[in-house]
Q: 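The structure that follows is given in the form of structure tokens.
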Amino acid sequence: MFELVFLGTAASAPSIQRGLSAAVLMHREYRFLIDCGESTQRQILRSGLGFKRLDRILLTHGHLDHILGLGGLASTFARWEAIGDMQIHGGAWALQRVRELMRVAFGAGEARLHVQYHAMSPGILLEDDKFRVRAFPVEHRRTEAFGFSFEEKSRRAFLPEKAEALGVPVGPVRRDLVGGKPVTLPDGRVIAPDDVLGPPNAGARVVFVGDAGRVDDLVVDAAGADLLAIEATYTEAEREIAAEFGHLTAHQAAWLAREANVGALVLHHISRRYSARDILDEACAVFPQTIVARDFDMFRVVKQREIERLDVRQRGENEGLAEAG
Ligand SMILES: [Zn+2]
Ligand SMILES: [Zn+2]
């Protein structure tokens, strides 16, 4: 299961309803902060998510509306939250911008917080036996931008009746078989994982793209995602301006969702010039399973289940609020 929370859904400047770009992706014990626009720390507090374990940050790119909140967040981590470490993953240009920002904000005081910068390249960013995060390139005004694919690995169910019939004893050998290792029984017979495992069940997948100037090169990376989140800064009426500034129209985002055959499309990075209705109507004409994200929307993604849309503030987890000082 994945939970994707939008903390800020505005494009380039905030509005009364929308903060600047930031989202949190949660999976088991993992929490990733994706982008950190100005005032993200206040949105984190309002969301009730708290700062704990929010120390791993993925940057889509280095434009100010996606990184300016990092200075404030770093300051709070060091002063109030006793978090000594911050891991920032991003393209080379984004990291250079963040380094400069931190230097200006803290000077020599930066040492209070240990910021680790991880230069990202396309491919696997993090992985354990059940889950992986992949980064892939996104074209957006030559900023070395990235999108992210959060994937549950496919799993094969253990079939106890088959194991029983083959005389596989309960215990560690069964664990080895589930882990894909063949085992030799005391009587010398070799049992292969295929003998006791069912067909692979695909896991859930969430694809997150920030700012993007085109979509034709994203079809393969978005293909089959249960949820695709991507920017929709403009409508077709301003297609030329969108292209000039390296942004998408709602129509283009929906085209990608349709071509990539995703389960649901969630649009963010919404400009003040449009109502959510304008964006939604244009996208739905191409891809009906579209939602325009609001700040504090939480999407719960479980394989083979309808995507749930909740308000993260109703989640009842107020860790962090009490201790924020
Ligand atoms: Zn932006
Ligand atoms: Zn941008």
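In this chain, numbering begins with 1 at the start of the sequence shown. Read the numbers this way: they start at 1 and go in the same order the structure lists the ligands and their atoms.
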Q: For the Zn ion (ligand 1), what is the closest N, O or S atom on His66?
A: NE2

Q: Determine which of the N, O or S atoms in Asp65 is closest to the Zn ion (ligand 1) and give its atom name.
A: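 The nearest such atom is OD2.
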
Q: Please check if any side-chain donor atom of Tyr274 sits under 3.5 Å from a side-chain acceptor atom of Glu282, or the reverse.
A: no

Q: Quick check: does His269 have an N/O/S atom under 2.8 Å of the Zn ion (ligand 1)?
A: yes

Q: Can you see whether Asp278 engages Thr235 through a side-chain donor-acceptor pair at a distance of less than 3.5 angstrom?
A: no

Q: Hey, which N, O or S atom on His63 ends up closest to the Zn ion (ligand 2)?
A: ND1

Q: Regarding His140 and His247, is there a side-chain donor-to-acceptor distance under 3.5 Å anywhere?
A: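 No pair is found: no donor N or O on one side chain lies under 3.5 Å from an acceptor on the other.
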
Q: Using the ring of Phe150 (Phe, Tyr or Trp, six-membered ring only), decide whether Arg205 places NZ or CZ under 6.0 Å from its centre and within 45 degrees of its axis.
A: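 Pair Arg205/Phe150 does not count as cation-pi.
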
Q: Between the side chains of His268 and Glu231, is a donor N or O closer than 3.5 angstrom to an acceptor N or O?
A: no

Q: Is the Zn ion (ligand 1) less than 2.8 Å from an N/O/S atom of His247, whether that atom is in the backbone or a side chain?
A: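 Within the cut-off used here (under 2.8 Å), His247 places no N, O or S atom near the Zn ion (ligand 1).
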
Q: Measure from the Zn ion (ligand 2) to every N/O/S atom of Asp211 and report the name of the nearest one.
A: OD2

